[in-house]
Amino acid sequence: MTEEFLATKPIYLQIVERICQKIIREELKSGEKLPSVREMAIQSGVNPNTIQRTYGELERMDIVESRRGQGTFVTENIDVLKQLKNQMKTEIVETYVKSMQELGFTKGEMLEGLEHYLGWDKDDN
């Protein structure tokens, strides 16, 4: 099963994002082994060099660690995983705020929209 990729961003970075999202959703757990480079390349429908670059980037970010002869594993460092989750949350919020500002919404209108979307009333805080 090959995945769809955007032409506007390097494929290896899109795969990095998808793996990070799986880690945050706990579809990939701390200490869990990732598929081999070859397996992941087949699953993703990309060249094994792309997956090697993906795993290298994840390792540089301390999200995974390579164990010689064993494979690549999600870090067991909970602090790194918490930081990853907070970083991704911040990026999503920043994208939301910038998009709303470009449309001319005020902070109050953004908050009102979020409260409405989440089903909150201002009095429920």
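The residues of the chain are indexed from 1 along the displayed sequence.
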**Request:** Could you tell me whether the side chain of Met100 reaches within less than 4.5 Å of the side chain of Glu109, counting heavy atoms only?
**Result:** no
**Prompt:** When you check the gap from the basic side-chain N to the acidic O, do Glu91 and Lys89 get nearer than 4.0 Å?
**Reply:** no
**Prompt:** Take atom CD in Gln52; do more than 12 heavy atoms of anything else shown fall under 6.0 Å from it?
**Reply:** no
**Asked** Hey, what do you get for CG (Leu81) to CD1 (Ile78), rounding to the nearest 0.5 Å?
**Response** 5.5 Å
**Spacing of CD1 belonging to Ile24 relative to CD1 belonging to Ile19, to within rounding of 0.5 Å** = 12.5 Å
**Asked** Are any non-hydrogen side-chain atoms of Val46 and Tyr12 less than 4.5 angstrom apart?
**Response** no
**Prompt:** Do Glu57 and Arg60 sit within salt-bridge range, that is, some charged N less than 4.0 Å from a carboxylate O?
**Reply:** yes
**Request:** To the nearest 0.5 angstrom, please state how far the NE2 atom of His116 sits from the CG atom of Leu111.
**Result:** 14.5 Å
**Point-to-point distance, once rounded to the nearest 0.5 Å, from SG of Cys20 to CG of Leu58** = 5.5 Å
**Prompt:** With sequence neighbours excluded, what pairs up with Glu59 under the salt bridge (Lys or Arg N to Asp or Glu O under 4.0 Å) test?
**Reply:** none
**Message:** Ignoring hydrogens, what is the shortest heavy-atom contact between Met61 and Val80? Give both atom names and the distance.
**Reply:** O-CG1, 4.5 Å
**Prompt:** If Ile, Leu, Val, Met, Phe, Trp and Tyr residues are connected whenever their side-chain heavy atoms lie under 4.5 Å apart, and connections chain through other members, are Phe73 and Met40 in the same group?
**Reply:** no
**Met88 side chain near Leu84 side chain, heavy-atom distance below 4.5 Å** = yes
**Asked** How long is the span from the CD1 atom in Ile23 to the CD atom in Glu32, to the nearest 0.5 Å?
**Response** 9.0 Å
**Item:** Non-hydrogen atoms of Val37 and Pro48 that approach each other most closely
**Value:** CG1-O, 3.3 Å
**Prompt:** Less than 4.5 Å apart, any side-chain heavy atom of Asp62 and any of Thr75?
**Reply:** no
**Prompt:** Are Val93 and Phe105 in one and the same hydrophobic cluster, where Ile, Leu, Val, Met, Phe, Trp and Tyr link if side-chain heavy atoms are under 4.5 Å apart?
**Reply:** yes
**Gln14 and Leu6, any side-chain heavy atoms less than 4.5 Å apart** = yes
**Message:** For a side chain to side chain contact (heavy atoms under 4.5 Å, CB included) check, start with the C-alpha distance between Met110 and Val97, then their side-chain angles and the critical distance, and finish with the verdict.
**Reply:** CA-CA 8 Å; Met110 287 182 233; Val97 170; 4.2 Å; yes
**Message:** Tell me whether Lys33 is salt-bridged to Glu39, with the criterion being a basic N under 4.0 Å from an acidic carboxylate O.
**Reply:** no
**Item:** Pairwise distance CD1(Ile51) to CD1(Ile42) - rounded to 0.5 angstrom
**Value:** 10.5 Å
**Request:** For residues 15-27, pull every pair meeting side-chain hydrogen bond (donor to acceptor under 3.5 Å, both in side chains), keeping only residues two or more places apart or in separate chains.
**Result:** Glu3-Arg18, Lys9-Glu17, Arg25-Glu27
**Request:** Following the transitive rule for hydrophobic clusters with a side-chain heavy-atom cut-off under 4.5 Å over Ile, Leu, Val, Met, Phe, Trp and Tyr, establish whether Leu114 and Leu103 coincide in one cluster.
**Result:** yes
**Prompt:** Under the side-chain hydrogen bond (donor to acceptor under 3.5 Å, both in side chains) test, which residues partner Gln83, sequence neighbours left out?
**Reply:** none
**Asked** Same cluster for Tyr117 and Trp120 if Ile/Leu/Val/Met/Phe/Trp/Tyr side chains link at under 4.5 Å?
**Response** yes
